[in-house]
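Report on the following structure.
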Amino acid sequence: MPQPIPARHKGFNRAEIVDRNFIEFVNEWRGEPHARPRDDEPVLPGSTLDARGFRELFESQLISRHLDLMARVLRVQNKVFYTIGSSGHEGNAMVARLTRHTDPAFLHYRSGAFMAERFRKLPGLDPIVDSALSFAASKEDPASGGRHKVWGSKPLWVLPQTSTIASHLPKAFGTAVAIEQARRIGHTLPIPGDSIVICSFGDASSNHATAQTSFNAAAWTAYQKLPAPVLFVCEDNGIGISVKTPNDWVAANFRDRRDLDYFHADGLDLAQGYAGVQAAIQHCRVTRRPTFLHLKTMRAMGHAGTDFEIEWRSIEELVALEATDPLLRSAAIALESGLHSRESLLAGYEAIRRKCFAAAEDADRRPRLQTLEEVIAPLAPYTPHAVIAEAQRADYADKRAAVFGGADKLPEQLPARHLALQINAALHDLLAKYPESLLFGEDVAQKGGVYTVTRGLHKAFKGARVFNTLLDETIILGLAQGYANMGMLPIPEIQYLAYFHNACDQIRGEAASLQFFSNDQYRNPILLRVASLGYQKGFGGHFHNDNSITALRDIPGLIVGCPSRGDDAATMLRTLAALCKVDGRVCAFLEPIALYMAKDLYEAGDGQWQFAYPPADQAMPFGQGRVYNEGAQDLVIFTFGNGVPMALRAARAIGEKLKWQTRVVDLRWLVPLNNDFIAQQAKSARRIIVLDEGRRAAGVGEGIITAIVEAGLGKTPLQRVVGADTYTPLAGAALLVLPGESDVVATADAMK
Ligand SMILES: Cc1ncc(C[n+]2csc(CCOP(=O)(O)OP(=O)(O)O)c2C)c(N)n1
Ligand SMILES: [Mg+2]
């Protein structure tokens, strides 16, 4: 017969009930205690956890629990701004105890106990004070400076996470690979060489494409007998918000995966579960193989403070669930082992409650972010003098000579050449300049990329620095973040812009946000190259001619450069690498495929779109555009990429037809746009054409026009020649969609 549910268990506020359950459980405990164990003796007979370990773990669990309870109370008073809690997941403290504070951790949002336990590893840190500052969005929050409630810590190697499900798994995998690769390229790691990477997530999240690709990539790596010491910790509470995970699904799904070694541990019971956690961590550390720890947890108090479970679950189910609260089990162990009396346990429980509330009240009195400047301070650091100095630094002549086959064979001594060859030379230079740089992507190694832009790099720098990845853009960008986290300079390639969109969140939600959410304590510089844009004739169709730059333009903090000619590409790559090295920026370099092999400007054979390779000490100042036919005022064409040679040809036709002098402005830097430069060029224009190969609804042109209008120059006659809002079709029909030279001439003609 099921027991009737007592009225006091039927309340709406489950936090109060969970709290009361603990006190009642302790008060009503009537067991027989064992002889109190010494610190180094098993907490209960047969357990691999000793008494001291238990005591500390239990305290970490209680800290986490009281932070949750405090958050529920103070949220309604507007003193705390986050209520997604860790209640029921406190067993994850065991993972923290059995790993080192230098094992990088990318954590699930239910990691309060993990954090409290990891705090023990360094003296002088207080998890309650730090967490309270974070809950209160205080400017003094050491994790994010009040920007988000994240689990993060610079000294404890907890890299802060945003809350997009599973988005942290690719970079956790990448960091594990990077730890091992460092040795192969002679790079000094910021952490010990036998570190492992910890990455936790929920059961529902394990189904996410981003999670699955990370498991797959880790297994793909281990299958080739390459090390990938990542510990995936699946905290299985059987539910994701309100959707139940099918019974036993996580075990069934992961138990027998090839090259992903499965361990199980009961996270609801410290005495029982410790051995399983120990085994998994030991296995990962020693074998350097991807390891999957299935940690049983439960979720108490709903998904967040806003989730009133009683409205959508039966009371019987809730009460049964709450009876499995791991803190009740820890209380039982504490009492059974003789480590605590009922009184001392409750006194300890209340003391931690008081500490949490006091810390929260104190945090509430601390300053919060007050100005926009404060909010965005860590987003996009830029130190211009240091960047240009680094970009122009050319103290690697010997290495250059070795790479190019002799001091007399340097690329600047060769005749003018086209874009693809100049990018290729510039990449040789960058890899020579930065021994910690790595170039990787699909087909970039022996084949040298689809367009031979990376040809020769694999031979020159060998497979540890120039290599093919598995076919997954999310993983390519996860690897990039991992290498960056370990102090390397990743230069990933994405084969086409359309395939960047496939993995965009790894830049938008993760890489570009790290400086912001860590208050600039962590940086993950990346120099991402993407073969981009339209008009190319080798491979037709939309996905090889994607002209949408918009998805990059609105990513806060990202830098986007787009060259139209080879010499600019080289000087720009140097600046982008310097922006990575000096300011830790995430940069994208859009290489116009259609211009890779372009040699001519006006007529076949004129060779006017080939340029000499700039010597190694030349670099392009960030934001600087290029102006053709300076001083011309009848018409100014603002453009970039393929639009530049197109505009120059159109300018010649316009000159013949309308007798106008046309200035062509190549912006070169598309994110952020240099509004002052645009305004300065627009000021003296009688007419303006914005030539944008992106799309009408959302390209680059709107940004250019906004800069012109905001500079008070909106009265200048202005027209836009821009791509249509459609996908790009195959063959000649592509030119119906993309702007053409004759469109520019016709638009000018209509402005007479
Ligand atoms: C990409 C993405 N989709 C949806 C969400 C909304 N969301 C937040 S938590 C969550 C459930 C996660 O469940 P689980 O992985 O089991 O973790 P738990 O909360 O149970 O610990 C969902 C759907 C999200 N944050 N990110
Ligand atoms: Mg879950």
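Predicted model, so just to flag it, every value in this text is computed and none were measured. Order of listing sets the numbers, starting from 1, for every ligand and every atom in it.
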### Task
Verify whether one side chain among Arg118 and Ser153 offers a donor that lies under 3.5 Å from an acceptor in the other.
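Arg118 vs Ser153: no donor-acceptor pair found between side chains.
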### Query
Parallel, tilted or perpendicular: which fits the ring planes of His168 and Phe201, with parallel below 30° and perpendicular above 60°?
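Aromatic pair His168/Phe201 classed perpendicular.
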#### Entry: Geometric class of the His264/His294 ring pair [parallel <30°, tilted 30-60°, perpendicular >60°]
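It falls in the perpendicular class, over 60°.
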### Message
Tell me if the centroids of the rings in His66 and Tyr349 come within less than 6.0 Å of each other.
### Response
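Centroid distance His66-Tyr349: below 6.0 Å, so yes.
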#### Entry: Qualifying residue for side chain to side chain contact (heavy atoms under 4.5 Å, CB included) with Leu295, from Asn237, Leu268, Asn92
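When Asn237, Leu268, Asn92 are each tested with Leu295, the side chain to side chain contact (heavy atoms under 4.5 Å, CB included) holds only for Asn92.
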Would you give me the side-chain donor-acceptor pairs under 3.5 Å for residues 127-139, sequence neighbours excluded?
| residue | atom | partner | partner atom | Å |
| --- | --- | --- | --- | --- |
| Ser131 | OG | Pro127 | O | 2.6 |
| Ser138 | OG | Glu140 | N | 2.9 |
| Lys139 | NZ | Glu374 | OE2 | 2.7 |

### Message
Among residues at least two apart in sequence or on other chains, which ones pass side-chain contact (heavy atoms from CB on, under 4.5 Å) with Asp554?
### Response
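Only Arg508 meet the side-chain contact (heavy atoms from CB on, under 4.5 Å) criterion with Asp554.
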### Query
Thinking salt bridges, do Arg329 and Asp266 make one under a 4.0 Å N-O criterion?
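Asp266 and Arg329: not salt-bridged.
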When you check ligand 1 against the protein, what N or O pairs turn up below 3.5 Å? List the atom names and distances, or just say none.
| residue | atom | partner | partner atom | Å |
| --- | --- | --- | --- | --- |
| ligand 1 | 15 (O) | Ala204 | N | 3.4 |
| ligand 1 | 15 (O) | Ser205 | N | 2.8 |
| ligand 1 | 15 (O) | Ser205 | OG | 2.5 |
| ligand 1 | 16 (O) | Asp203 | N | 3.3 |
| ligand 1 | 16 (O) | Asp203 | OD1 | 2.9 |
| ligand 1 | 16 (O) | Ala204 | N | 2.9 |
| ligand 1 | 16 (O) | Ile239 | O | 2.9 |
| ligand 1 | 17 (O) | Tyr109 | OH | 3.3 |
| ligand 1 | 19 (O) | Tyr109 | OH | 2.6 |
| ligand 1 | 19 (O) | Arg110 | NE | 3.4 |
| ligand 1 | 19 (O) | Arg110 | NH2 | 2.8 |
| ligand 1 | 20 (O) | Asn237 | OD1 | 3.2 |
| ligand 1 | 20 (O) | Asn237 | ND2 | 2.8 |
| ligand 1 | 20 (O) | Ile239 | O | 2.7 |
| ligand 1 | 21 (O) | His108 | NE2 | 2.7 |
| ligand 1 | 21 (O) | Arg110 | NE | 2.8 |
| ligand 1 | 21 (O) | Asn237 | ND2 | 3.3 |
| ligand 1 | 25 (N) | Ser163 | O | 2.8 |
| ligand 1 | 26 (N) | Ile165 | N | 3.0 |

### Arg147 to Phe516, cation-pi by 6.0 Å centre distance and 45° axis angle
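Ring-cation test returns yes.
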### Query
Taking the Mg ion (ligand 2) as the center, what protein N, O or S atoms are found at less than 2.8 Å?
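Atoms qualifying: Asp203 OD1, Asn237 OD1, Ile239 O.
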